[in-house]
Student: 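Okay, handing you the structure first.
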Protein chains: 2
Amino acid sequence: MANLLAESLNPLIHEPAPLRNKIMNSLRRAIETGALEPGTRLVEKDLCEKLNVSRTSLREALRQLQAEGILTDLNNRGLTVVTVTRADAENIYRIRGVLEPLIVEQFIENAPDNEVKALKAQSEVLKKAYLSGNAEEIVATKRDFYDRICTGARNPIAFDLLKKLTLLTSPLRRSSVVRKERRSQSIAEIDAIVAAIVNRDKTAAKAAAEKHVANSAVSASSNAFDAS
Amino acid sequence: MANLLAESLNPLIHEPAPLRNKIMNSLRRAIETGALEPGTRLVEKDLCEKLNVSRTSLREALRQLQAEGILTDLNNRGLTVVTVTRADAENIYRIRGVLEPLIVEQFIENAPDNEVKALKAQSEVLKKAYLSGNAEEIVATKRDFYDRICTGARNPIAFDLLKKLTLLTSPLRRSSVVRKERRSQSIAEIDAIVAAIVNRDKTAAKAAAEKHVANSAVSASSNAFDAS
DNA sequence: CCGTTTTGTTTGTATGACAATCATCTGATC
DNA sequence: GATCAGATGATTGTCATACAAACAAAACGG
């Protein structure tokens, strides 16, 4: 019980993170969850009051998010949550379509056996999560899965890029996890990736990763743009 | 003469860009040219005095550059110009090795004939620049060449990523242009890319682009890390 | 109803202030 | 002379306030 308590308190106690980082995380999460929809205008004074921070700190956080591409400049009239057009989405998925195979390739090159094993285990957890139906659990588990691959690939720069890119399309993907057909498809695709990784088969793994991205793309895209 | 004068004054006259953007550009250029070497600590007060700006604006610019990865956090002790390790450099070139072929592919898909023609023309200019020997001219011309490809590819997001990635490795590449062997090699590689593009041959163009990145990688890497 | 002026809102920039943190120097003690 | 504690200083993090500039919307006059 002491463990549980410590675990739940640790993140909050004596958080030495600069305030602007907390602000960034807060805003990022809000965008990720849809609390801040694309196109929403961000008025500094309002945010200051809601977050209870000074304009100075808030603006620094905004600049950082702006540089990440999540917020976009609106003339001289402040910032808005970026609206990802269909063309943007296609471009993002094209990029992911080459970055994720690269990550998988580097995972095969650099990850020791125990990490491969752990990845396989995590893929089983993910499979169960897909079947269980809990959307939040799916998202969390999938994130863990991806983190393992990216960390194992020993390419933090690509990891960073992918995080930013996926955040950009999070508004598109939000409702996409729910669809049952896509779920079983995802399971098969992930199985293929993991299987190829276990065999240390780069070509197959890259192909599987690319296919997975391509399918995610049509799923997210049809979800966000075709629906009327 | 009026033209020359206007050209050199234009960037300064009535620039409605926010001050922080000017600061960013100034710092970026300083890093690019080596005036600010990797590892240099950035002290806010000093920079304020040198640039004649307030700490508020400066800090916002710093946050933005930090988000771009050019500046890195040093504990709680301010910012430094990022030092690209050998591993980092390899990773960056791996990423460029998949992004640049993608861009070339999208150029073939999306660029109209007149842009292809203009690109070919620009490649001739670049070739001449390589032979002339003027380092600054080479860099400027090459940048123009790249800009054309990236713009023609209609993928501004990838363009943006590439700009940031290449800026990161600019300290490595700086002395690399000078070497004569690399120059003639570059000419051949770029010719191959352009030729494939003119033929609208995706496979060949991607292969040529990948090869070009790979060769740049060994050149920059041997230059920066192997030399003692 | 349209064009102009006024007003209000919001961002951009600057200044001054203070707390917190970390580095370095200093001095006392053994 | 070495080591440790405390004093000192430099630097960042955060805040409140102020004002100019740009822009939007409302008010006004024709």
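A, B, ... follow the sequence lines: proteins, then strands. Residue 1 opens every chain.
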Student: Would you mind reading off the distance between Leu19(A) atom CG and dT21(C) atom P, rounded to a whole angstrom?
Tutor: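 Interatomic distance, CG of Leu19(A) to P of dT21(C): 14 Å.
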
Student: Taking only the side-chain heavy atoms of Ser54(A) (C-beta and beyond), determine which of dA14(C), dC15(D), dG12(C) contains the nearest atom.
Tutor: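 Looking only at heavy atoms from C-beta outward on Ser54(A), the closest nucleotide is dC15(D).
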
Student: Measuring from the side chain of Glu44(A) (C-beta onward, heavy atoms only), which nucleotide among dT15(C), dT11(C), dT14(D) has the closest atom?
Tutor: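 In terms of side-chain proximity for Glu44(A), the closest of dT15(C), dT11(C), dT14(D) is dT11(C).
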
Student: Can you tell me how far C1' of dT14(D) sits from CD of Glu60(B), to the nearest Å?
Tutor: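 Whole-Å distance recorded here is 14 Å.
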
Student: Base, sugar-phosphate, or nothing for Ser57(A), non-hydrogen atoms under 4.0 angstrom?
Tutor: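 Counting heavy atoms under 4.0 Å across all strands, the contact made by Ser57(A) is with sugar-phosphate only.
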
Student: Separation of Asn21(B) atom CG from dT13(C) atom C1', in whole Å?
Tutor: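 About 13 Å, once rounded to whole Å.
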
Student: When the distance from CD of Gln66(B) to P of dT12(D) is rounded to whole Å, what number comes out?
Tutor: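 From Gln66(B) CD to dT12(D) P: 12 Å.
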
Student: Just to confirm, is there a sub-4.0 Å distance from OP1 or OP2 of dT11(C) to any side-chain nitrogen or oxygen of Arg77(A)?
Tutor: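 So the side-chain polar atoms of Arg77(A) never come under 4.0 Å of the phosphate oxygens OP1 or OP2 of dT11(C).
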
Student: Both Val43(A) and Asn52(B) contact DNA chain C. Which one's nearest nucleotide lies toward the 5' end?
Tutor: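 By nearest-heavy-atom nucleotide position, the 5'-most residue is Val43(A).
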
Student: Both Leu42(B) and Val53(A) contact DNA chain D. Taking the nearest nucleotide for each, which residue is further toward the 5' end?
Tutor: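 Of the two residues, Leu42(B) wins.
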
Student: Could you state the atom-to-atom distance from CZ of Arg59(A) to P of dA14(C) in whole Å?
Tutor: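 Atom CZ in Arg59(A) sits about 11 Å away from atom P in dA14(C).
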
Student: Hey, are Asp144(A) and Arg148(A) close enough for a salt bridge, meaning a charged N less than 4.0 Å from a carboxylate O?
Tutor: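 Yes, Asp144(A) and Arg148(A) are salt-bridged.
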
Student: Report the distance from atom CG of Leu74(A) to atom P of dT11(C), rounded to the nearest whole Å.
Tutor: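 The distance from CG of Leu74(A) to P of dT11(C) comes to 10 Å, rounded to the nearest Å.
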
Student: Provide, to the nearest angstrom, the distance between the CZ atom belonging to Arg20(A) and the C1' atom belonging to dC15(D).
Tutor: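 Arg20(A) atom CZ is separated from dC15(D) atom C1' by 14 Å.
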
Student: Between P on dT12(D) and NZ on Lys45(B), what's the gap in Å once rounded to a whole number?
Tutor: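 The distance from NZ of Lys45(B) to P of dT12(D) comes to 10 Å, rounded to the nearest Å.
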
Student: Would Lys142(B) and Tyr146(B) count as a cation-pi pair here, with the cationic atom under 6.0 angstrom from the ring centre and within 45° of the axis?
Tutor: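 The answer is no, since Lys142(B) fails at least one limit relative to Tyr146(B).
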
Student: Check Arg59(A) with Glu44(A), please: is the shortest side-chain N to carboxylate O separation under 4.0 Å?
Tutor: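 Looking at Arg59(A) together with Glu44(A), the answer is yes, because their closest N to O distance falls below 4.0 Å.
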
Student: Would you indicate what Arg55(B) reaches in the nucleic acid, counting non-hydrogen atoms under 4.0 angstrom: base, sugar-phosphate, or nothing?
Tutor: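 The residue Arg55(B) makes base contact.
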
Student: Would you classify Leu62(B) as touching base, sugar-phosphate or nothing, given that sugar-phosphate means primed atoms plus P, OP1 and OP2, and contacts are heavy atoms under 4.0 Å?
Tutor: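 The answer is nothing, as Leu62(B) stays clear of every strand by at least 4.0 Å.
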
Student: With the threshold set at 4.0 Å, does a side-chain nitrogen-carboxylate oxygen contact exist between Arg94(B) and Glu105(A)?
Tutor: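 Result for this pair is yes, salt bridge flagged.
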
Student: Tell me whether Thr40(B) contacts the main-chain N or O of Leu36(B) through its side chain, where contact means a donor paired with an acceptor under 3.5 Å.
Tutor: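 No; zero donor-acceptor contacts below 3.5 Å.
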
